[in-house]
Amino acid sequence: MKIGIIGAGNIGANTAKLFVKAGHEIAIANSRGAETLKDLVSELGENAQAVSVEEVAKFGEIVFISIPFGKYQTLPTDAFDGKIVIDSNNYYPDRDGSFAELDEDKTTSSEMLAEHLRGARVVKAFNTIWFEHLKTQGDVKLPIEERRAIFVAGDDAEAKKTVARLIEEIGFAAIDTGDLSDGGAAQQPETAIYNRNLTASEAQAILGSEGGY
Ligand SMILES: NC(=O)c1ccc[n+]([C@@H]2O[C@H](COP(=O)([O-])OP(=O)(O)OC[C@H]3O[C@@H](n4cnc5c(N)ncnc54)[C@H](OP(=O)(O)O)[C@@H]3O)[C@@H](O)[C@H]2O)c1
């Protein structure tokens, strides 16, 4: 599958490595331009290329976004039409600046991203896992219930299933927290599942549902 990745930091670069290892073709971008990603691309090998943000969005059947949330309005809206977008961003006011609608719990950061990328099907995922754990904890040999959980939330069931399959391919278990509103809120910083080292079984017990795939 062709996967675009926007953001090449702790999460973006490590996710790129996992996706390439699983046999996918990736295009990646950061804010400073493709020439600054030469070392990463040569490490990733022939199934990776660095391009502009807009080209990444056009390249991917899935586009994985991992940038500081506060920058989301810089993303070119039209380039994402028809795409499945994975939103791994979290809102941290100290880093991102304050967004009143989030501080007042009127919406969630993923709904704001979805509003900006109107033609995309946004799935919130990869938000709750620390990048060092993402690097090391995937294990395709483990049965699903014993794998580390990565959560998915979204309004489009088919898009969530596609993202869930990708999560399983890299050795994790996908656990559904619901739609982008309530399910998205359930994955935010300071929730019961945020940055917790949980297996799929443990995660389902906390969420009190059969939300796995
Ligand atoms: N760190 C974690 O363990 C973790 C876990 C789960 C979720 N998250 C969330 O994932 C997101 C990324 O975190 P991170 O730790 O990977 O951050 P990071 O290491 O600081 O990397 C951020 C990346 O985003 C790029 N970027 C910034 N503004 C951009 C823009 N306007 N357009 C395109 N690319 C842009 C940066 O490129 P330049 O360097 O060129 O500016 C950099 O490659 C954040 O929202 C974070 O809260 C982080």
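Atoms within a ligand are numbered from 1 in the order they appear, just like the ligands themselves. Just so it is clear, the structure is predicted and the values come from calculations on it, not from any experiment. Counting begins at 1 with the first residue of the sequence. These numbers come from the heavy atoms of this one structure, side chains and all, not from hydrogens, waters or symmetry mates.
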Peer 1: Hey, is ligand 1 close enough to Asn90 that some N/O pair sits below 3.5 Å?
Peer 2: yes
Peer 1: Run down the list Ile5, Asn10, Leu40, Ile28 and name the one with the heavy atom closest to atom 19 (O) of ligand 1.
Peer 2: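 Ranked by closest heavy atom to atom 19 (O) of ligand 1, first place is Asn10.
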Peer 1: With a cut-off of 6.0 Å (strictly less than), are more than 12 heavy atoms of other residues, nucleotides or ligands near NZ of Lys17?
Peer 2: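 Yes, NZ of Lys17 has more than 12 neighbouring heavy atoms, counting only those of other groups under 6.0 Å.
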Peer 1: Considering Ala13, Pro76, Ser31 one by one, which has a heavy atom nearer to atom 41 (O) of ligand 1 than any of the others?
Peer 2: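 When every heavy atom of Ala13, Pro76, Ser31 is considered, Ser31 comes closest to atom 41 (O) of ligand 1.
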Peer 1: Counting non-hydrogen protein atoms only, what is the nearest one to atom 6 (C) of ligand 1? Give residue, atom name and distance.
Peer 2: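 Its nearest protein heavy-atom neighbour is Asn127 O, 3.2 Å.
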Peer 1: Quick check on Glu35: does its CD atom have over 12 non-hydrogen neighbours (other residues, nucleotides or ligands) under 6.0 Å away?
Peer 2: yes
Peer 1: Tell me, do His116 and Phe80 make a side-chain contact under 4.5 Å, heavy atoms counted?
Peer 2: no
Peer 1: Considering only protein heavy atoms, which is closest to atom 25 (C) of ligand 1, and at what distance to one decimal place?
Peer 2: Gly7 CA, 3.9 Å
Peer 1: Looking only at protein heavy atoms, identify the closest one to atom 1 (N) of ligand 1 and say how far it is in Å.
Peer 2: Phe131 CD2, 3.7 Å
Peer 1: Between Glu61 (side chain) and Lys2 (backbone), is there a donor-acceptor pair under 3.5 Å?
Peer 2: yes
Peer 1: For atom 45 (O) of ligand 1, what's the nearest protein heavy atom and its distance?
Peer 2: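 I find the closest protein heavy atom is Ile67 O, 2.8 Å.
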Peer 1: Just need the protein heavy atom nearest to atom 13 (O) of ligand 1, so name the residue and atom and give the distance.
Peer 2: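 Answer, as residue, atom name and distance: Ser66 OG, 4.2 Å.
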Peer 1: Going by a strict under-4.0 Å cutoff (protein heavy atoms only), does atom 31 (N) of ligand 1 have a neighbour on the protein?
Peer 2: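 True for atom 31 (N) of ligand 1.
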Peer 1: Taking 4.0 Å as the limit for heavy-atom contacts, which would you say applies to Thr36 with ligand 1: side chain only, backbone only, both, or neither?
Peer 2: neither
Peer 1: Any N/O of Leu75 closer than 3.5 Å to an N/O of ligand 1?
Peer 2: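 In this structure, Leu75 places no N or O atom under 3.5 Å from an N or O of ligand 1.
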Peer 1: So does Lys58 pair up with Glu54, basic N to acidic O under 4.0 Å?
Peer 2: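 Looking at Lys58 and Glu54, the cut-off is met.
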Peer 1: So for ligand 1, is Trp130 a polar contact partner (N or O within less than 3.5 Å, distance only)?
Peer 2: no
Peer 1: Given 3.5 Å as the limit, does a donor-acceptor pair link the side chain of Glu55 with the main chain of Ser52, or not?
Peer 2: yes
Peer 1: Is there a polar contact between ligand 1 and Ala8, counting only N or O atoms under 3.5 Å apart?
Peer 2: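 By distance alone, the answer is yes.
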Peer 1: Can you find an N/O atom of Arg32 closer than 3.5 Å to an N/O atom of ligand 1?
Peer 2: yes
Peer 1: Test your reading of the model: is there a side-chain donor-acceptor pair from Arg147 to the backbone of Val140, 3.5 Å cut-off?
Peer 2: yes
Peer 1: Just checking, is any N or O donor in the side chain of Asp103 or Tyr91 under 3.5 Å from an acceptor N or O on the other one?
Peer 2: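 Yes - a donor-acceptor pair under 3.5 Å links their side chains.
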Peer 1: With side-chain hydrogen bond (donor to acceptor under 3.5 Å, both in side chains) as the rule and sequence neighbours excluded, what pairs involving residues 74-89 come up?
Peer 2: Ser66-Ser88, Asp87-Asn89, Asp87-Ser110
Peer 1: With a cut-off of 4.0 Å, which atoms of ligand 1 are near a heavy atom of Ile6?
Peer 2: 33 (C)
Peer 1: Which protein non-hydrogen atom lies closest to atom 27 (C) of ligand 1, naming both residue and atom, and how far is it?
Peer 2: Pro68 CD, 3.5 Å
Peer 1: To check your reading of the model: name the closest protein heavy atom to atom 4 (C) of ligand 1, its residue, and the distance in Å.
Peer 2: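 Checking every protein heavy atom, the shortest distance to atom 4 (C) of ligand 1 gives Ile11 CG1, 3.4 Å.
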Peer 1: Taking it one step at a time, do Glu132 and Lys135 satisfy salt bridge (charged side-chain N to carboxylate O under 4.0 Å, His left out)?
Peer 2: CA-CA 5 Å; Glu132 290 288 358; Lys135 261 195 318 208; 3.3 Å; yes
Peer 1: Under 3.5 Å, is there a donor on one side chain and an acceptor on the other for Gln188 and Thr191?
Peer 2: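 The criterion, which ignores hydrogens and geometry beyond distance, is not satisfied for Thr191 and Gln188.
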Peer 1: Without swapping roles, check the side chain of Thr128 against the backbone of Gln187 for a donor-acceptor pair under 3.5 Å.
Peer 2: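 No; judged by distance alone, with no hydrogens or angles, the pair does not exist.
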Peer 1: Does ligand 1 have an atom under 4.0 Å from some heavy atom of Tyr91?
Peer 2: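 Tyr91: no contact with ligand 1 (<4.0 Å).
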Peer 1: Return yes when Arg95 approaches ligand 1 closer than 4.0 angstrom through a heavy atom, no otherwise.
Peer 2: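 It does, in that a heavy atom of Arg95 comes within the 4.0 Å cut-off of ligand 1.
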Peer 1: Suppose we measure from atom 28 (N) of ligand 1 to each protein heavy atom; which comes out shortest, and what is that distance?
Peer 2: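 Heavy-atom neighbour on the protein nearest atom 28 (N) of ligand 1: Lys71 CG, 3.8 Å.
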Peer 1: Can you list the atoms of ligand 1 that are under 4.0 Å from a heavy atom of Ser88?
Peer 2: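 Listed by number with element, the hits are 7 (C), 8 (N), 9 (C), 10 (O).
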Peer 1: Run the numbers for me: atoms of ligand 1, each under 4.0 Å from some heavy atom of Phe126, listed by number.
Peer 2: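 Heavy-atom distances to Phe126 below 4.0 Å select 6 (C), 7 (C).
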Peer 1: Short list, please: which atoms of ligand 1 are under 4.0 Å from a heavy atom of Val53?
Peer 2: 33 (C)
Peer 1: Show which atoms of ligand 1 fall inside a sub-4.0 Å distance from at least one heavy-atom site of Ile129.
Peer 2: 5 (C), 6 (C)
Peer 1: Does some side-chain heavy atom of Val123 sit less than 4.5 Å from a side-chain heavy atom of Asp156?
Peer 2: no
Peer 1: For the 3.5 Å polar cut-off, considering only N or O atoms, please tell me whether Tyr92 and ligand 1 meet it.
Peer 2: no
